[in-house]
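Encoded as structure tokens, the structure appears first; notes follow it.
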Amino acid sequence: MAAIADGLEQLREADPRRIGPYALLARLRENACAVEFVARDADGLTVTVTAPHPRLAGSRGFGRKFDAESALAAEVSGPWVAPVREAADGRLVAAYRPSLTLGSAVDRHGPLPEHTLRILGAALAEVLVRLHRHVPVHQGLAPHTVLLAADGPLLAGFGPLAAATDIGPDGAGLRLSLGFLTPEQVARHTPGPASDVFMLALLLVYAATGRTPFAAATPDGIATTAADLTGVPEPLRPLLARCLDKDPDRRPAPADIAAACAPGGAAALLEAGWVSGPVVAELSGQAAAVLALEAPDPDQETPPPDTRTTTEPGPQAPPARPPLLTPGRRAFLGTAAGLAVGAGGGWALARSREGRAAPEAKAAPGSQAPQRVAGAPPAALWYYKAQDLIGNPCVAHDRTLILPAYGRTVGLDLRTGKERWAKEILCANGPVPLRDDLMLVSTDRGLLRFSSETGTVRDTDARLYGAGEILARDGDRLWFMGYVKDAKADADKGSFLICYDAWAREEVWRVEVPDGYEKDGVTGVLGETALFLQRYTDPTVGEGKDNPAVFLAVDRATGRTRWEKSYGEVAVKNYAWLSSAGVLYAEDRSALRAYDLESGKELWAKGGGGDDEIVAPRALLALGGALYVADSARRTHRVDARSGQTRWTMRPLNEYGEPTNYEGVAAGLSGTPLYRLDWEEITAHDPEDGRILWVFQGVGASPEQRGLLWRIFSGTHTAVFSQEYSSDYFGLPVG
């Protein structure tokens, strides 16, 4: 297969700087017949403009064929085809999507797994069904005309010109790679719809194995040799064998192929994940490079009076163009055809808005409306695939990401994502960073300390074991629920609430756990003088009832119980949050209410209607004098902690996403940015005015990971994003 350029490249001296009203930014791809450019239109939206190769631009016959293929692309617009904006006058203009050709993806990242092959096969077969309503045969399938994008496969070739790997100077004499011909072409028979089926099977075998199914890529081999399907996933072999039958009449129809690959349609399979993390990272890099590009200064360049392609070269001796990845260039939101494009470890994608503009932030009455800055996350620094994870990962000393796993805890370099060490340390709960490079973790052998730099175990305190998650921490002092072992009797003394000096390796105090407080059902927040605990009782008590919540305050210096209370209807609400100031924030009677923990007095209530209404709060973060609240309507709010007044309310870019009960709020180490977390994406906000800085949307590795909350583990300059229980980790620069 002839090499096809794939990836951004600076404009060459002979390249035009404009094509019609579109300002060209860079080359994206080039094939034998055409060049595809990344460009911006007059409104600043990013598109791709495909124009005939300069050496063919003067051929009228070629121009007619090019326009015909472009018109066909517009006619079959729909799923799995890049939305066409314009197809006339020697150019094809489509919405920009970061994408990688199938050939490049297989060459660089290896064969595709069965799940991805099924999506690819079903999607392309669905497009063939539409194509065959317009033309008897398509003849545009090739490894360089099939694209992999984060939101699914795309067909970018609509005839033999696009699929060609060579062509004569006058636009005649099309040639295809020998490995991607059909028996009909070899026999010089007129191809029909079944020829596209044969070609689709060739592509799927190539995607599954990295080679064509014919060992001898010769006309005779294609016409007479049986297809070698070694390496193709077993469930797909019978289907592909039928598609590769030498007799066109015995091949299945495209609709049958689509149904066999994905009975519910390609889109249904896509919901369970699509491309691998390394491919996502490459797509992110391409998107980041596009974000860094600047359009020509409109004051220095005047668009031509007509909209026909201009092929004149740019000014003589143009100034050196900036590198494609120069930081600090303006971000963009490519809303063409409803697509918001971004760069990151995952994918910044807003689903179709049917042409409507993205919603603006709604400000509370009397406050200034924040201006939305729509953009994309920074390009991924790294991607890591973990194994057998348990416990919670954490960032240690701003240098190492600790990934707890069964029998093999791993320490990754936070900046590069490379493994620094892997040790047999069981980290079911924790670990927690201590002074220097030490980490503390509870194991079945006791409290264990190890080095975050090397994973070397320093010591173990066998007197304390079976500890739950750390409830609170202040310097070297930790508070947690755990068991105490009587060393002399070799028996348990019981379950206790423990204050422990992790540096000196000794108890400060321990008290017996009050009835009903189990170590796996308690959360805690440390105040100035008290440790505030919140417990949940058995959620199955009382059919249809939520978990009753009870709150306990103990003296942080002695462990003495100060009080234990619940607050009316708050006692039967799942969603309640403690603050270090001794304030309880809870969803109660369709409002967010604030209570003084000790007196029980209601401080304020935030409810009612209006654009700033908090609808069923699901996550809350207290930061300084502000509360950041995520509600089930997928809105994010900043509320004054003292008065309850809403400072700003921000709707998501993807406002048509599904409401959910799974939400989270987090912040960077410096308090910025603010992260809104849900199962679809992570949205970074400016905490002061609510502006959306960027949106990160990753690709789940398996169907069971869909719908799980995104999490963030943040260092000063690098943040790591992953979904709950997921094995996919993305490192992004954030500071």
Side-chain angles (χ1 to χ4, degrees), residues 390-394 404 427-432 440-442 466-474 477-483 495-500 510-539 541 545-556 559 561-567 570-588 592-598 600 617-623 627-630 641 661-667 677 709 711-713 724:
I390 62 172
N392 290 318
C394 74
C427 293
N429 290 305
V432 176
L440 180 80
V441 65
S442 172
E469 296 287 347
I470 303 300
L471 298 172
R473 176 188 175 190
D474 184 14
R477 290 196 173 186
L478 309 173
W479 287 263
F480 55 86
M481 298 287 187
Y483 298 99
S495 180
F496 294 85
L497 174 63
I498 299 167
C499 177
Y500 184 76
R510 72 171 182 256
V511 296
E512 290 190 28
V513 178
D515 291 340
Y517 284 81
E518 302 295 337
K519 68 183 179 70
D520 294 329
V522 178
T523 58
V525 174
L526 194 65
E528 288 189 8
T529 62
L531 173 65
F532 302 109
L533 301 178
Q534 176 180 352
R535 72 170 172 86
Y536 297 104
T537 57
D538 187 349
V541 174
K545 291 186 178 180
D546 294 327
N547 300 351
V550 182
F551 307 93
L552 176 76
V554 300
D555 188 282
R556 60 180 282 174
T561 297
R562 291 188 175 182
W563 47 258
E564 183 179 24
K565 300 178 180 180
S566 61
Y567 297 88
V570 177
V572 291
K573 293 296 179 183
N574 275 318
Y575 299 99
W577 302 271
L578 297 167
S579 80
S580 59
V583 178
L584 168 70
Y585 303 99
E587 177 196 9
D588 183 24
L592 177 65
R593 299 176 186 270
Y595 298 88
D596 179 81
L597 274 173
E598 189 162 2
R618 291 297 178 257
L620 182 146
L621 173 68
L623 200 62
L627 305 176
Y628 298 98
V629 184
N661 287 332
Y662 301 99
E663 307 287 339
V665 189
L677 316 169
L709 186 69
R711 306 173 297 171
I712 179 171
F713 314 100
E724 288 181 319

> Is Pro617 close to Glu663 at the side-chain level, that is, under 4.5 Å between some pair of heavy atoms?
Replying inline: no
> Atom OG in Ser579, atom CG in Leu627: separation rounded to 0.5 Å?
Replying inline: 8.0 Å
> Do Phe532 and Gln534 pass the side chain to side chain contact (heavy atoms under 4.5 Å, CB included) test, and can you show the C-alpha distance, the side-chain angles, and the key distance before you say yes or no?
Replying inline: CA-CA 7 Å; Phe532 302 109; Gln534 176 180 352; over 6 Å; no
> Going from CG on Leu497 to CG on Leu533, what distance comes out if it is rounded to the nearest 0.5 angstrom?
Replying inline: 6.0 Å
>> Check this for me: Arg477, atom CZ, are more than 12 non-hydrogen atoms of other residues, nucleotides or ligands nearer than 6.0 Å?
In response: no
> Is there side-chain contact between Leu526 and Trp479, with at least one heavy-atom pair below 4.5 Å?
Replying inline: yes
> To the nearest 0.5 Å, how far apart are CE in Met481 and CD1 in Ile498?
Replying inline: 9.5 Å
> In Å and rounded to the nearest 0.5 Å, what is the CZ to CG distance from Arg562 to Leu531?
Replying inline: 10.5 Å
> Would a 4.5 Å heavy-atom cut-off, applied to side chains only, mark Val665 and Leu677 as touching?
Replying inline: no
> Given the rule in the side chain to side chain contact (heavy atoms under 4.5 Å, CB included) test, do Leu578 and Leu584 qualify, once you have shown the distances and angles that lead to the verdict?
Replying inline: CA-CA 5 Å; Leu578 297 167; Leu584 168 70; 4.1 Å; yes
> Roughly how far apart are Phe480 CZ and Leu440 CG, rounded to 0.5 Å?
Replying inline: 7.5 Å
> Taking only residues two or more places apart in sequence or in another chain, which ones pass salt bridge (charged side-chain N to carboxylate O under 4.0 Å, His left out) with Arg556?
Replying inline: Asp474
> Taking all atoms of both residues into account, what is the closest heavy-atom pair of Ala666 and Leu621, and its distance?
Replying inline: C-CD2, 3.9 Å
> Between Thr523 and Leu471, is a side chain to side chain contact (heavy atoms under 4.5 Å, CB included) present by the stated rule, with each step listed?
Replying inline: CA-CA 6 Å; Thr523 58; Leu471 298 172; 5.5 Å; no
> How far apart are the closest heavy atoms of Gly664 and Ala630, and which atoms are they?
Replying inline: O-CB, 4.3 Å
>> Measuring from atom CG of Leu592 to atom CH2 of Trp577, what distance do you get when rounded to the nearest 0.5 angstrom?
In response: 6.5 Å
> Is any side-chain N of the basic residue among Arg618 and Glu587 closer than 4.0 Å to the acidic one's carboxylate O?
Replying inline: yes
>> Does Tyr628 form a side chain to side chain contact (heavy atoms under 4.5 Å, CB included) with Leu620? I'd like the steps, not just the answer.
In response: CA-CA 6 Å; Tyr628 298 98; Leu620 182 146; over 6 Å; no
> Pro431 and Pro404: which non-hydrogen atoms are nearest, and at how many Å?
Replying inline: CD-CG, 4.0 Å
